[in-house]
Amino acid sequence: MARGKPVIVVGITGGIGAYKSCELVRRLQKSGFCVKVVMTEAATRFVTPLTFRTLTGEPVAVSLWADEPHSKVHHISLAEEADVFAIVPCTANVIAKLAQGRADDMLTTTALATEAPLVIAPAMNTHMWRKETTRRNVETLRTRGAVFVEPGTGELACGDVGEGRLADVNAIADAIEVEARRCRDLAGAHVLVTAGGTQEPIDPVRFIGNHSSGKTGFAIAEEAARRGARVSLVTGPVSLPDPFGCEVVRVQTALQMRAAVLARFSSADVAIMTAAVADFRPAAMSAEKIKKTDAPASIGLERNPDILAELGGMDSGAILVGFAAETTDVIANAQGKLAAKHADVIVANDVSDPSMGFGTDHNKVYFVTGAAVDESPVLGKPAIARDLLDRVAALLEAKRG
Ligand code: CTP
C-alpha cells in the first residue's frame with residue numbers, strides 16, 4: 001500500500017455540508033496527498049461529480065455499474081489504494097449502513113472492502129444525531145476503530161440550532177493527516193505479537209486454559225500491519241480469523257508458543273506479548289483419556305518458561321511490551337513485572353471488573369513505563385491497539401535517532 005503520495009479517498013454523502021468537501025479536497029492536496037473521490041447518488045444532488053473531477057483530476061466514482069472503464073473492479077481498487085478513507089459529510093443513514101456492514105452503493109461497498117482507517121465527519125439534524133439508534137451506531141463503529149470528527153454546534157440547514165453541523169474543515173483535515181501519518185510509521189519494522197491463551201493438555205480431551213479471547217493481540221497485529229510493519233502473530237487457540245496482512249502461527253501450548261516466538265525474535269524490532277500464557281503445565285500428559293474411575297486425586301504441575309522474561313534477558317535491542325492482567329495493586333504489580341522482565345512498557349489492566357478485559361470488546365488500561373503511568377479512558381480494543389502502537393512508534397523513532 002505504501003508508495004508515492006499517500007492516497008486519501010474522500011467519500012461524500014448527501015448533505016448540504018458536501019460543498020465544504022471541495023475545500024477539504026484542496027486542503028488535503030496542499031498537504032501533499034493524492035485525493036480520490038467517491039460520492040453517493042444523493043451527494044451528487046448537492047455538488048456535481050464534475051466539481052470533484054475538476055479539483056482532483058481523477059474520475060469520480062458514483063455508480064457500481066461503471067460509467068468509466070477501469071482495469072480492475074473500481075470499488076476494490078479504490079479500497080486497496082486508500083491509505084485513509086474519510087467520509088465527509090457522513091449522514092445518519094450512511095453511519096447506520098456502515099455499522100451494519102451494508103454495501104449497496106459505490107461508497108458503502110468501498111468502505112466495507114477497505115482495510116484503511118476510517119475517518120467519519122457526521123453532519124445531520126440535531127435530533128437525528130442525538131437519537132439512541134445513531135448513538136449506538138456511532139459507538140459500534142468507534143469500537144471497530146473508526147475515528148469520528150464530532151459535529152459542531154450552530155445553525156443547521158433545516159433552521160434548527162444545535163449539534164449536527166459538519167466540523168470545521170481544518171479539524172477534519174488534521175484528523176485525516178494524523179491517520180495518514182500513522183499508516184506508515186511502522187514501515188520497515190518487524191513486529192512480533194503473541195495472543196490468546198495457551199492450552200496445557202492433561203489428556204487428549206482436557207486441558208488447563210484461561211479466558212483470553214485473543215482480541216487485543218489480534219487488534220494490535222492488524223493495526224501494526226496497517227501501519228506498514230511486517231507482522232508475525234503467534235497465537236494460542238482462539239476463534240478469530242487471521243488478521244489481514246500478517247504471518248499467523250497457531251499453537252496450543254506455552255512450549256510451542258515459546259518455540260515459535262524464539263524462531264522469529266532475532267529479526268524483531270518490537271515484541272508485544274499479549275498472550276495469557278499458562279504459568280504451569282501438567283507434569284505428564286496422559287496418552288489416553290482419563291476415566292473418572294481412575295481419576296488421580298491431584299495433577300502434578302511443572303512451571304512453564306516465561307517467554308517475555310526470556311526475551312528481556314536477551315538484551316536484543318528490540319522494544320518489549322508486556323501485558324499484565326491484575327485483580328489487585330494493578331500499578332505496583334505492573335511496575336514489578338516491568339523491572340523483573342526487562343520490558344520497555346507494561347500494559348496493565350484490572351480484570352476484576354467483568355464488563356472489561358477478558359472476552360469483551362472494551363478495556364481500560366494503564367501504560368506503565370519506568371516511573372510514568374498513563375491511564376487510558378475506556379476504549380474499544382482497536383483504539384487501545386492504536387494508542388499502544390503510537391507509543392511503540394515513538395520509542396522506535398527515538399531508538400533509530
Ligand atoms: N508471559 C510470558 N510467558 C509466561 C507468562 C507470562 O510471556 N509464561 C507474559 C505475558 O504474555 C504478559 C506478561 O508476561 O505479557 C505478564 O504476564 P502475567 O501472567 O500477568 O504475569 P506473570 O509474570 O505470570 O505473573 P502472575 O501470574 O504472578 O501475575
Side-chain angles (χ1 to χ4, degrees), residues 191-201 207-221 224 231-238 249-265 268 270-283 301-316 318-353 356-359 363-369 373 381 384-385 387-389 391-392 395:
V191 177
L192 177 58
V193 182
T194 65
T198 63
Q199 295 180 350
E200 311 297 326
F207 57 81
I208 298 174
N210 58 65
H211 291 301
S212 173
S213 66
K215 284 180 181 170
T216 298
F218 274 57
I220 290 170
V231 179
S232 303
L233 172 63
V234 180
T235 177
V238 293
V249 187
R250 293 191 185 256
V251 299
Q252 187 192 3
T253 66
L255 291 179
Q256 291 166 359
M257 182 169 278
R258 173 181 178 272
V261 166
L262 291 184
R264 289 161 180 80
F265 185 59
V270 180
I272 303 177
M273 307 279 105
T274 76
V277 185
D279 290 317
F280 297 93
R281 64 178 181 276
L301 297 177
E302 250 172 43
R303 276 300 290 270
N304 268 330
D306 187 320
I307 307 169
L308 175 59
E310 209 171 326
L311 301 187
M314 288 182 194
D315 201 18
S316 75
I319 290 162
L320 282 188
V321 181
F323 274 65
E326 307 291 347
T327 52
T328 51
D329 299 327
V330 178
I331 306 294
N333 280 323
Q335 283 167 334
K337 285 175 188 175
L338 186 80
K341 304 194 186 200
H342 300 108
D344 296 284
V345 184
I346 291 284
V347 185
N349 69 312
D350 184 346
V351 287
S352 61
D353 179 348
M356 276 186 277
F358 278 140
N363 211 346
K364 174 189 174 66
V365 298
Y366 301 86
F367 296 99
V368 179
T369 45
V373 178
K381 290 182 175 175
I384 290 177
D387 191 341
L388 172 63
L389 291 177
R391 292 162 196 271
V392 166
L395 287 172

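Predicted, not measured: the structure shown is a model, and the values here were computed from it. In listed order, ligands and their atoms are each counted from 1. The first residue of the sequence shown is numbered 1, and numbering continues consecutively from there.
- Side-chain atoms of Phe323 and Ile272, non-hydrogen and from C-beta on, do get closer than 4.5 Å to each other.
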What are the polar N/O contacts of ligand 1 with the protein below 3.5 Å, with distances?
from     : atom 1 : to     : atom 2 : distance (Å)
ligand 1 : 3 (N)  : Ile307 : N      : 3.0
ligand 1 : 7 (O)  : Ile307 : N      : 3.4
ligand 1 : 7 (O)  : Leu308 : N      : 2.9
ligand 1 : 8 (N)  : Pro305 : O      : 2.9
ligand 1 : 11 (O) : Met273 : O      : 3.3
ligand 1 : 11 (O) : Ala275 : O      : 2.6
ligand 1 : 14 (O) : Lys341 : NZ     : 2.8
ligand 1 : 15 (O) : Met273 : O      : 2.6
ligand 1 : 15 (O) : Phe323 : N      : 2.8
ligand 1 : 15 (O) : Phe323 : O      : 3.3
ligand 1 : 20 (O) : Lys337 : NZ     : 2.8
ligand 1 : 21 (O) : Lys337 : NZ     : 3.1
ligand 1 : 23 (O) : Lys341 : NZ     : 2.7
ligand 1 : 24 (O) : Asp279 : OD1    : 3.1
ligand 1 : 24 (O) : Asp279 : OD2    : 3.3
ligand 1 : 27 (O) : Asp279 : OD2    : 3.1
ligand 1 : 29 (O) : Lys337 : NZ     : 2.9

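- Annotation: side chain to side chain contact (heavy atoms under 4.5 Å, CB included) contacts of Ile331 (sequence neighbours excluded): Gln335, Tyr366, Val373.
- In this structure, Asn210 contributes its side chain and Ser212 its backbone to a donor-acceptor pair below 3.5 Å.
- In this structure, Thr194 and Ile307 have side chains that are not in contact, with every pair of non-hydrogen atoms separated by 4.5 Å or more.
- Side chain of Glu326 to main chain of Ala334: no donor-acceptor pair is present (N/O by atom type, distance under 3.5 Å, no hydrogens or angles).
- Side-chain contact between Val251 and Thr198: absent, with no pair of heavy atoms (C-beta onward) separated by less than 4.5 Å.
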